[in-house]
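Everything on this sheet refers to the single structure shown next.
Letters go in sequence order (proteins before strands), and every chain restarts at 1.
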2 protein chains.
Amino acid sequence: MDNKKIEKISRALSDTSRIAILQEFKKKKDCLYCAEVNDLLDLTQPSVSHHLKQLVDAELLLPQKEGRNLKYVLNQQILNEYIDCLNDLKD
Amino acid sequence: MDNKKIEKISRALSDTSRIAILQEFKKKKDCLYCAEVNDLLDLTQPSVSHHLKQLVDAELLLPQKEGRNLKYVLNQQILNEYIDCLNDLKD
DNA sequence: TACATATATCGAAACATTTAAATATTTGAA
DNA sequence: TTCAAATATTTAAATGTTTCGATATATGTA
């Protein structure tokens, strides 16, 4: 993972709304629906859409269309790669 | 570590210059001098000072004055706490 | 004390981010 | 086909970030 990618993921993580979205996955079993995120945050629908887009662009979330609905799964692989880079900073 | 702190550390990490500073610690034994960071980056001294300030404000770097010079050590503890929070997002 | 070196702060320009209102697109259902 | 629901895009305002030049502050040295 190059530094531009680390920068992009870090920026996606640098907002409490987006952190809250990611944390919500712990409470759900495996996926989160777009509509659930709208309910979770005290923001308008376009703002939530904007935040979700940044998480998807950083590849932290993988979107899956289900008819009219959109569900997301957490991309554990990219999260692991990011954590590995941070661990590399040590020692 | 609360979400505001995660946000702050993430923001500190969301810039390739600051990532490069942190990575430079791997090449040095244990600390990095301010002047070395000025040499490392292709930026003016005030810009480098600004970046270092953000890393210090996020507590990723611990500053130590040595006469006229300033040296930094990597705060491995806060980095570990941040990594723990990211690991918590999984499963 | 006077000077030089190291670092920080200020002020401003350029650019990016966050947010909401309005509107558009996509898709399922009547 | 028409309507309603879910999500995305556009536009614009407010705010924050990055960078530099100029200048200030702190501290070691002659």
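- A:D39 places its CG atom 10 Å from the P atom of D:dA6, with the value rounded to the nearest Å.
- Across all strands, A:L52 comes closer than 4.0 Å to no nucleic acid atom at all (heavy-atom distances).
- With C:dT19, D:dA8, C:dA8 as the candidates, the nucleotide lying closest to the side chain of B:C34 is C:dA8.
- Across all strands, B:K65 comes closer than 4.0 Å only to sugar-phosphate atoms, never to a base (heavy-atom distances).
- Contact check, B:Q54 against D:dT17: no side-chain N or O comes under 4.0 Å of OP1 or OP2.
- Going from atom NE2 of A:H50 over to atom CG of A:L43 covers 10.0 Å, rounded to the nearest 0.5 Å.
- For the pair A:E36 CD and D:dA5 P, the interatomic distance rounds to 19 Å; values are reported in whole Å.
- Taking CG of B:L79 as the reference point, atom CZ of B:F25 lies at 11.0 Å (rounded to 0.5 Å).
- Among the heavy atoms of the strands lying under 4.0 Å from B:H51 are primed sugar atoms or P, OP1, OP2 only; no base atom is included.
- Atom OH in A:Y72 sits roughly 14 Å away from atom P in D:dA6 (whole-Å rounding).
- OP1 and OP2 of D:dT7 both lie 4.0 Å or more from every side-chain N or O belonging to A:S49.
- For the pair A:S17 and A:R68, nearest-nucleotide mapping onto DNA chain C gives the more 5' position to A:S17.
- Note on B:E66: nothing from the nucleic acid sits closer than 4.0 angstrom, heavy atoms only.
- When rounded to the nearest whole Å, the span between CD of A:Q64 and P of D:dT7 equals 14 Å.
- Under the 4.5 Å side-chain criterion, counting only non-hydrogen atoms from C-beta, A:V73 is in contact with A:Q64.
- Between A:T44 and C:dA20 there is a side-chain N or O to OP1 or OP2 distance below 4.0 Å.
- Taking only distance into account, the side chain of A:Q45 meets the base of D:dA8 through a donor-acceptor pair shorter than 3.5 Å.
- Atom CG of A:L55 and atom P of C:dT18 are 11 Å apart (whole Å).
- With rounding to whole Å, A:D15 atom CG is found 12 Å from D:dT17 atom P.
- Cluster annotation: B:L89 and A:I78 are assigned to the same hydrophobic cluster (Ile/Leu/Val/Met/Phe/Trp/Tyr, side-chain heavy-atom contacts under 4.5 Å, transitive).
- Phosphate proximity of D:dT18 to B:S47: absent, as no side-chain N or O sits under 4.0 Å from OP1 or OP2.
- When each of A:P46 and A:N69 is assigned the nucleotide of DNA chain D with its nearest heavy atom, A:N69 is the one assigned upstream, toward the 5' end.
- Distances from the side chain of B:L70 to the nucleotides C:dT19, D:dT18, C:dA8 place C:dA8 closest.
- Tested against A:E59, the residues A:K5, A:K53, A:K8 include a single salt bridge (Lys or Arg N to Asp or Glu O under 4.0 Å) partner, A:K5.
- Expressed to the nearest 0.5 Å, how far CG of B:L61 lies from SG of B:C34 amounts to 10.5 Å.
- Here the C1' atom of nucleotide D:dG16 and the CZ atom of B:R11 are 8 Å apart, to the nearest Å.
- Atom-to-atom, NZ of B:K53 to P of D:dG16 comes out at 15 Å; the value is rounded to the nearest Å.
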